[in-house]
> 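Got a structure here, written out as structure tokens. Questions coming.
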There are 2 protein chains.
Amino acid sequence: METFKIPNNYEDVVRRVRIFFSGCKDKIVIVTSGGTAVNLEKNAVRFLDNFSTGCRGSRSAENFLRSGYHVIFLYRRGSLLPFAREFPSGEEILKFFDTRGDRENVLLHLSKDNKLAQAITEYRRFKDKLLLVDFVTLDDYAYFLYGSCQTVKSVEEKLMIYSAAAVSDFYVPFNKLPEHKISSSQALQLDLEVAPKLLKYLTESWVPHSFVVSFKLETNEKILTEKAESSLKKYGQSVVVANALQTKHCKVVIITSQVNHKIELSPEQQSQGYELEALVVQYLSELHCKFLDLNLK
Amino acid sequence: METFKIPNNYEDVVRRVRIFFSGCKDKIVIVTSGGTAVNLEKNAVRFLDNFSTGCRGSRSAENFLRSGYHVIFLYRRGSLLPFAREFPSGEEILKFFDTRGDRENVLLHLSKDNKLAQAITEYRRFKDKLLLVDFVTLDDYAYFLYGSCQTVKSVEEKLMIYSAAAVSDFYVPFNKLPEHKISSSQALQLDLEVAPKLLKYLTESWVPHSFVVSFKLETNEKILTEKAESSLKKYGQSVVVANALQTKHCKVVIITSQVNHKIELSPEQQSQGYELEALVVQYLSELHCKFLDLNLK
């Protein structure tokens with residue numbers, strides 16, 4: 001952790017997690033979501049990033065809330081949020097509104113499926129069980145995950161880590177970053193080091209008794225299962241959710257030391273708007289229950 | 001341009017620009033906004049990026065509309081949009097709404113300053129003079145800028161290019177990108193080439209008779225003016241707007257071959273919510289008028 005830069009608001013985030021946690025009696029999950037940015041300059045203008053909209057994480061967080069979990073949602077600023085993901089964005093949001101009404105209120109025209117009203121209602125219902133913590137860089141991410149784990153460590157056994165964020169594999173340690181913007185007059189050779197494996201910290205040191213779920217994404221489907229199984233052996237997490245970039249919204253394989261379970265949406269289910277995450281979260285909640293039963297025996 | 005990948009929707013974008021342009025009799029400006037992503041893999045998971053919220057570009061676009069321009073807004077998907085930038089984002093948008101009302105309408109509670117209602121009203125007023133074109137990668141950006149210039153070239157003299165986007169200085173040519181996700185088991189040396197200077201294409205080939213405004217951002221204020229003046233000599237644009245990262249929302253220097261004009265907000269103006277872009281756009285519109293007068297003589 002000493003090669004990361006401690007975020008300015010670290011203490012503030014830990015305080016928020018502590019307050020949230022004090023009101024929590026049930027199962028708790030830390031859902032991580034979105035991509036981490038890796039700065040290439042201290043006064044950062046340029047950075048390395050991973051494509052990730054936060055779709056998987058935000059959908060999953062909603063389903064964990066529906067399944068009775070308290071959710072700490074650790075997300076990349078600007079990526080999709082539970083419930084808020086239903087809102088139109090960009091120009092769509094402007095087209096969506098009408099300014100009829102008095103000076104204090106503006107009428108919002110809903111689309112006929114009424115998804116927005118449902119999202120707002122659900123948000124209201126669950127908002128006390130949902131804590132949003134945003135990050136931008138890999139440094140923020142590492143520290144906020146560490147701080148959250150430390151804070152809830154007393155119920156480590158009831159904790160699930162659902163690590164859906166696209167965490168950078170490479171980085172430049174803070175002490176090796178150039179101070180100012182890199183000059184652009186000539187070609188640039190960037191030396192990136194392999195980033196510390198936070199998954200290893202989680203399973204070996206931070207919360208070794210928690211139920212840790214990691215994701216493995218590959219663009220080459222052929223090497224996917226092999227990579228996922230090798231990750232399981234290497235890091236000792238409870239579950240790897242394996243998915244290929246091209247089919248990630250309709251198919252995943254849940255891999256544990258005992259099972260290799262495929263979850264897939266049929267074309268009919270897809271066209272009806274079913275979301276894969278509902279099935280994944282349901283399956284993982286059941287696995288987590290069994291894990292808890294075993295631990296309590 | 002041959003080292004860039006042509007976007008799948010290129011023809012579609014050019015068609016939209018053509019339709020927009022056919023209804024345009026006035027001065028026209030292409031405002032570019034947000035950062036460009038540079039892919040590091042063909043099946044892209046990882047990319048290089050520049051921090052840019054699109055604040056400068058979106059504010060400026062609004063002011064160009066108010067000054068009578070038609071605006072083609074070429075922006076990074078997900079960055080701030082004219083008028084829509086006033087909307088709350090993230091969790092704030094959920095807290096903002098109430099679900100009272102009937103099934104078809106939901107009441108939106110406005111903050112007291114009523115900025116949102118004003119934004120919606122202004123959007124309505126100007127929407128036919130505003131074309132939004134979104135990009136993600138440097139390839140998209142280069143092609144959409146090229147296509148837009150080609151389409152409006154017949155009124156080249158009336159065209160302003162306001163290049164507020166944070167365009168990557170480095171890239172990997174498409175034919176040199178690896179097919180699949182880079183393996184993360186060992187340190188990575190990235191060889192980045194200097195990206196083609198689109199500014200040079202603009203001033204020398206695409207629209208040599210247009211009024212081209214570029215931006216120079218540095219983190220080291222000492223070398224800023226020098227860098228801006230050297231850019232002016234090198235690329236022959238009409239104007240460079242020089243700004244330092246730390247003070248960019250309260251101070252810029254407008255540099256042309258004739259003038260070196262500072263525009264600055266006082267602390268009082270800043271606290272009253274004045275936006276620097278209103279002054280910058282006003283000053284540039286006047287310069288553009290003089291430029292047109294000279295050209296027409």
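Numbered from 1 within each chain, the chains take letters A, B, ... in sequence-line order.
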> Just how far is it from atom CG of B:D49 to atom CG of A:N50, taken to the nearest 0.5 Å?
11.5 Å
> Which atoms of B:F83 are under 4.5 Å from chain A, going by heavy atoms: the side chain, the backbone, both sets, or neither?
both
> Taking non-hydrogen atoms and a cut-off under 4.5 angstrom, which of residues 227-235 of chain A neighbour chain B?
A:K227
> Heavy-atom distance under 4.5 Å to chain B: side chain of A:E92, backbone, both or neither?
neither
> Looking at B:Q186 and A:F170, what are the two nearest heavy atoms and their distance?
O-CE2, 3.2 Å
> Counting only heavy atoms from other residues, nucleotides and ligands, does the tally under 6.0 Å from CG of B:N8 exceed 12?
no
> Please name the pair of heavy atoms, one in A:F51 and one in B:F47, separated by the smallest distance, quoted to 0.1 Å.
N-CE2, 3.3 Å
> Measure distances from A:V38 to the heavy atoms of chain B and classify the residue's part below 4.5 Å as side chain, backbone, both or neither.
neither
> Under 4.5 Å heavy-atom distance to chain A, tell me which part of B:L81 shows up: side chain, backbone, both or neither.
side chain
> Can you say whether A:K197 sits under 4.5 Å from chain B via the side chain, the backbone, both, or neither, judging by heavy atoms?
side chain
> Count the heavy-atom pairs under 4.5 Å between each of A:A84, A:S79, A:S52 and chain B, then report the option with the highest count.
A:A84
> Counting only non-hydrogen atoms closer than 4.5 Å, can you tell me which residues of residues 187-195 of chain B sit against chain A?
B:A187, B:L188, B:Q189, B:L190, B:D191, B:L192, B:E193, B:V194
> Measure A:L132 against the heavy atoms of chain B and call it side chain, backbone, both or neither at under 4.5 Å.
side chain
